[in-house]
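Accompanying notes for the structure given below.
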Amino acid sequence: MVPAPPAAAEPELLSQGKPVRVSAVENNDPELVAKHAVDGSLATRWASHHEDPSWIWVDLQVKADVRRIRIDWEAAHSTAYTIDVSDDAATWTTLATVDPADGGTDVLDVSGRGRYVRMFGITRNGIAGHSLWEFQVFGTPVPEKPKKTEPTEKPEQEEPEQEPAPEQESPAPPPATEAPAPPSPSPTERPVPEREGPPGSVVYYVVKKKQDGNPEKIEGIADRFLGDAERWPEIVDLTEGHRQPDGRFLADPHKLRPGWVLRLPEDAVGKGVRFGLLPGYEPSPSPSPSPSPSLAAPESAEAESSELTSAVGAVLGPVLLAVGGLLVLAGLVLAAVRLGRTLRERRRDRTPFDDSVLRTDTSAAWTVDHALRALIAACERDGLDVPGVTGVFIEGSTLRLRLTNPASVGPEPWAVSEDGQSWMAPLSKLQAAPVSDGSTAQFARLVNLGMSETGRVLVDFSLARGVVSLDGSVRARHEVLRRWLGEFTGNPWSGEPRVVMVGDGLPRPDQVEHVSGFDQVKQEMEVGDGGVLVLSQPPSSADKDFLAERFADPAFGWVVIVLGSWSAAKWRFTARDDGWLRSGFLPHVRYDEQAAVRRGSD
């Protein structure tokens with residue numbers, strides 16, 4: 001009887017917590033850095049710049065047989081990508097190609113061997129970058145071959161007599177006259193120099209220019225100060241998240257800039273290594289307490305000086321006491337003012353804005369509506385399908401459409417980008433172009449978010465295909481919600497969607513329905529025409545499953561918004577009290593810009 005072959009071992013997770021590198025980090029945002037892709041949390045993520053291609057790779061730190069890849073995509077996902085493996089992070093072998101990719105969660109069975117594993121994003125699905133919650137690599141480490149050792153002249157039984165004492169019992173460094181240590185010792189074998197510095201001091205180095213004018217390479221820095229060029233990932237791990245003097249962050253370790261500060265491991269030694277507070281984090285020096293005025297003369301003073309000092313003290317003493325009393329009184333008044341301001345802000349934060357009137361920017365709405373109808377008319381004229389639109393951007397005198405799917409041919413006056421993802425046209429030509437009286441229903445959930453640094457930003461909420469969360473203070477998120485509802489219901493292309501609010505603590509405009517529980521609208525969401533649902537808190541596990549099932553149906557036409565932070569949301573927005581709305585997959589926008597314009601005209 002032939003014995004059955006042993007079952008293959010289940011591949012283990014090799015990537016979690018390992019060094020990871022990316023092509024770029026969106027807006028150099030520390031909340032979107034590379035390490036979040038391998039931290040084991042679905043509440044943190046990495047996002048690239050808004051560009052193709054973009055990539056992320058993880059250093060497994062050992063050569064491994066790679067068997068499975070799991071990627072949990074954010075809403076801004078790759079639509080085509082490859083999985084590659086390498087031994088040196090320079091020459092790559094492709095293990096899998098996914099095209100098309102539809103986001104969500106991808107689990108790929110692959111077969112390859114290497115130390116570095118990369119996701120290379122070729123194209124993306126919308127106006128944002130390539131973004132993922134987790135990038136997981138499963139496999140089996142390849143056992144290292146045992147190194148051959150030269151036989152010693154002395155017999156094996158004599159070795160214990162020459163065994164050195166444990167390292168911790170003789171910490172003193174060897175004298176300078178002794179032979180140097182073997183080259184490239186491991187980090188645990190390298191001595192850590194004793195250094196003196198203020199509390200919080202670290203070892204660091206400032207990148208310089210080489211003679212050819214180019215900045216130093218990180219491998220060279222690791223080789224010079226750590227004795228091993230392959231230890232450069234340790235430098236990156238220590239430096240990641242530190243804002244450099246030019247405001248950037250270390251995203252690509254192979255693109256250093258002169259003047260950047262690299263934090264080094266403790267065993268780093270060599271000319272140029274510094275020890276102290278990391279530049280950019282030095283605390284402001286606290287002033288030393290001023291000595292209280294002394295009216296007594298020093299013991300060594302002459303009698304005449306003593307008499308003079310006493311006379312001056314007799315005159316200034318009451319004055320100083322009076323001034324001190326005034327300063328104390330002023331401090332109490334200032335503290336009372338600050339306390340009152342804080343209480344007012346807290347009270348204002350608890351009290352929602354007056355939401356009886358929903359807001360929409362009518363001038364911008366007219367411009368966009370006219371452009372959309374001109375687009376429909378131009379496509380009808382040229383016999384083209386009207387493209388799906390993920391976003392609309394008004395940038396100076398140009399209106400730009402970001403398409404859901406690339407289209408290389410556009411009607412006049414639209415110009416097409418090289419990748420076919422964007423169509424652009426001058427606003428002057430669109431305003432003069434003929435418009436269509438046809439339906440604009442496909443744009444019904446297009447919402448004006450506000451103004452970015454380059455212009456106005458609108459996004460189609462129907463493309464989320466999942467719950468949208470809106471976090472921030474009560475005041476800020478209620479103000480943003482009011483504007484969104486105004487856009488959903490007040491734009492010319494919006495139609496008349498049903499708006500339902502579920503739960504307590506929500507703004508209560510007259511134009512929307514209010515119910516106490518989610519169960520009151522579930523049945524209607526299964527058969528209804530769609531609308532906007534606002535939840536005061538994240539859905540329960542059962543409600544979450546219900547919504548996931550409904551969003552999987554392409555005919556489901558509801559937009560679901562949760563007030564508050566929810567890591568499972570497809571799109572997550574944060575409204576800040578300073579007027580900025582952040583999402584991580586769109587440019588930051590000022591949501592209060594419309595109100596400022598309207599108040600100026602009231």
**Item:** Check: Ala24 main-chain N/O paired with Trp46 side-chain donor or acceptor under 3.5 Å
**Value:** yes
**Check ion pair Arg483-Glu479 (N to O, under 4.0 angstrom)** = yes
**Complete:** Rounded to the nearest 0.5 angstrom, the NZ-CZ distance for Lys18 and Phe135 is 13.0 Å
**Message:** I'd like to know if the side chain of Glu51 and the backbone of Gly129 have a donor-acceptor N/O pair within less than 3.5 Å.
**Reply:** no
**Prompt:** Please walk me through it: do Asp237 and Arg21 pass salt bridge (Lys or Arg N to Asp or Glu O under 4.0 Å)?
**Reply:** CA-CA 10 Å; Asp237 289 337; Arg21 308 291 168 255; 3.6 Å; yes
**Asked** What are the two closest heavy atoms between Ile376 and Ser439, and how far apart are they?
**Response** CD1-O, 3.7 Å
**Item:** From Leu108, Ile71, Ile83, residue fulfilling side chain to side chain contact (heavy atoms under 4.5 Å, CB included) relative to Val98
**Value:** Leu108
**Request:** For Glu487 and Ala365, indicate whether the former's side chain and the latter's backbone hold a donor-acceptor pair under 3.5 Å.
**Result:** no
**Complete:** Tightest non-hydrogen contact, residues Lys429 and Pro413, listed as CD-CB, 3.9 Å
**Asked** For Gln442 and Gly388, which heavy atoms make the closest approach, and how far apart are they?
**Response** NE2-CA, 4.2 Å
**Message:** So Ile122 and Asp99, do their side chains get closer than 4.5 Å, heavy atoms only?
**Reply:** no
**Prompt:** Out of Glu31, His36, Lys35, which residue meets the side chain to side chain contact (heavy atoms under 4.5 Å, CB included) rule with Thr44?
**Reply:** His36
**Prompt:** Can you name the one residue among His49, His130, His50 that meets side-chain hydrogen bond (donor to acceptor under 3.5 Å, both in side chains) with Glu26?
**Reply:** His50
**Prompt:** Side chains of Ser417 and Gln421: do they bring a donor and an acceptor to under 3.5 Å?
**Reply:** no
**Prompt:** Just by modelled atom types, is the Ala407 backbone N or O under 3.5 Å from a matching donor or acceptor in the Trp423 side chain?
**Reply:** yes
**Request:** Measure the CZ-CE distance between Phe518 and Met525 for me, rounded to the nearest 0.5 Å.
**Result:** 5.0 Å
**Request:** Rounded to the nearest 0.5 Å, what's the gap from CG on Asp543 to CZ on Phe546? Could you check?
**Result:** 8.0 Å
**Asked** So, does Arg572 use its side chain to make a donor-acceptor pair with the main chain of Ser469 at under 3.5 Å?
**Response** no
**Prompt:** Has the side chain of Tyr591 got a donor or acceptor atom that lies under 3.5 Å from a matching backbone atom of Arg576?
**Reply:** yes
**Request:** Taking the side chain as every heavy atom from C-beta outward, state whether Lys570 and Val468 have any atom pair closer than 4.5 Å.
**Result:** no
**Request:** Pick out which of Leu485, Leu563, Ile561 makes a side chain to side chain contact (heavy atoms under 4.5 Å, CB included) with Met501.
**Result:** Leu485
**Request:** Please say whether the positively charged group of Arg445, taken as NZ for Lys or CZ for Arg, lies over the ring of Phe461, i.e. under 6.0 angstrom from the six-membered ring centre and within 45 degrees of the axis.
**Result:** no
**Request:** Output yes when a side-chain donor or acceptor of Arg68 lies under 3.5 Å from a complementary backbone atom of Leu13, and no otherwise.
**Result:** no
**Prompt:** Side chains of Arg381 and Pro434: closer than 4.5 Å at any heavy-atom pair?
**Reply:** no
**Request:** Could you grab the distance from atom NE2 of His370 to atom CG of Leu427, nearest 0.5 Å is fine?
**Result:** 10.5 Å
**Request:** Please answer whether the main-chain N or O of Arg582 pairs with a side-chain N or O of Thr574 as donor and acceptor at a distance below 3.5 Å.
**Result:** no
**Message:** Quick one, Asp72 with Thr105, criterion side-chain hydrogen bond (donor to acceptor under 3.5 Å, both in side chains). Give me CA distance, side-chain angles, the key distance, then yes/no.
**Reply:** CA-CA 5 Å; Asp72 291 284; Thr105 299; 2.9 Å; yes
**Asked** Hey, does Ser48 have a side-chain heavy atom less than 4.5 Å from the side chain of Val22?
**Response** no
**Asked** Less than 4.5 Å apart, any side-chain heavy atom of Leu372 and any of Trp493?
**Response** yes
**Asked** Does any donor atom in the side chain of Ser41 or Asp39 lie under 3.5 Å from an acceptor atom in the other side chain?
**Response** no
**Request:** Output yes when a side-chain donor or acceptor of Glu74 lies under 3.5 Å from a complementary backbone atom of Trp133, and no otherwise.
**Result:** no
**Item:** Minimum side-chain heavy-atom gap Ile69-Asp106 below 4.5 Å
**Value:** no
**Message:** Test your reading of the model: is there a side-chain donor-acceptor pair from Arg373 to the backbone of Gly438, 3.5 Å cut-off?
**Reply:** yes
**Item:** Minimal non-hydrogen separation, Val389 against Gly391, with atom names
**Value:** CG1-O, 3.3 Å
**Item:** Shortest non-hydrogen separation from Gly517 to Val502 and the atoms involved
**Value:** C-CG1, 3.5 Å
**Message:** Just checking Asp385: does its CG atom have more than 12 heavy atoms from other residues, nucleotides or ligands closer to it than 6.0 angstrom?
**Reply:** no
**Request:** Verify whether one side chain among Thr390 and Asp460 offers a donor that lies under 3.5 Å from an acceptor in the other.
**Result:** no
**Asked** Among side-chain atoms of Asp84 and Thr82, is any donor-acceptor pair under 3.5 angstrom?
**Response** yes
**Message:** Rounded to the nearest 0.5 Å, what separates atom CE in Met451 from atom CD1 in Ile394?
**Reply:** 8.0 Å
**Request:** Please name the pair of heavy atoms, one in Ala43 and one in Ser567, separated by the smallest distance, quoted to 0.1 Å.
**Result:** CB-CB, 3.7 Å
**Request:** Answer whether the closest heavy-atom distance between the side chains of Trp571 and Val459 falls below 4.5 Å.
**Result:** yes
**Asked** Should Asn491 and Asp369 count as side-chain neighbours, where that means a heavy-atom distance under 4.5 Å?
**Response** no
**Message:** Nearest 0.5 angstrom please: Ser452 OG to Leu586 CG, how far?
**Reply:** 9.5 Å
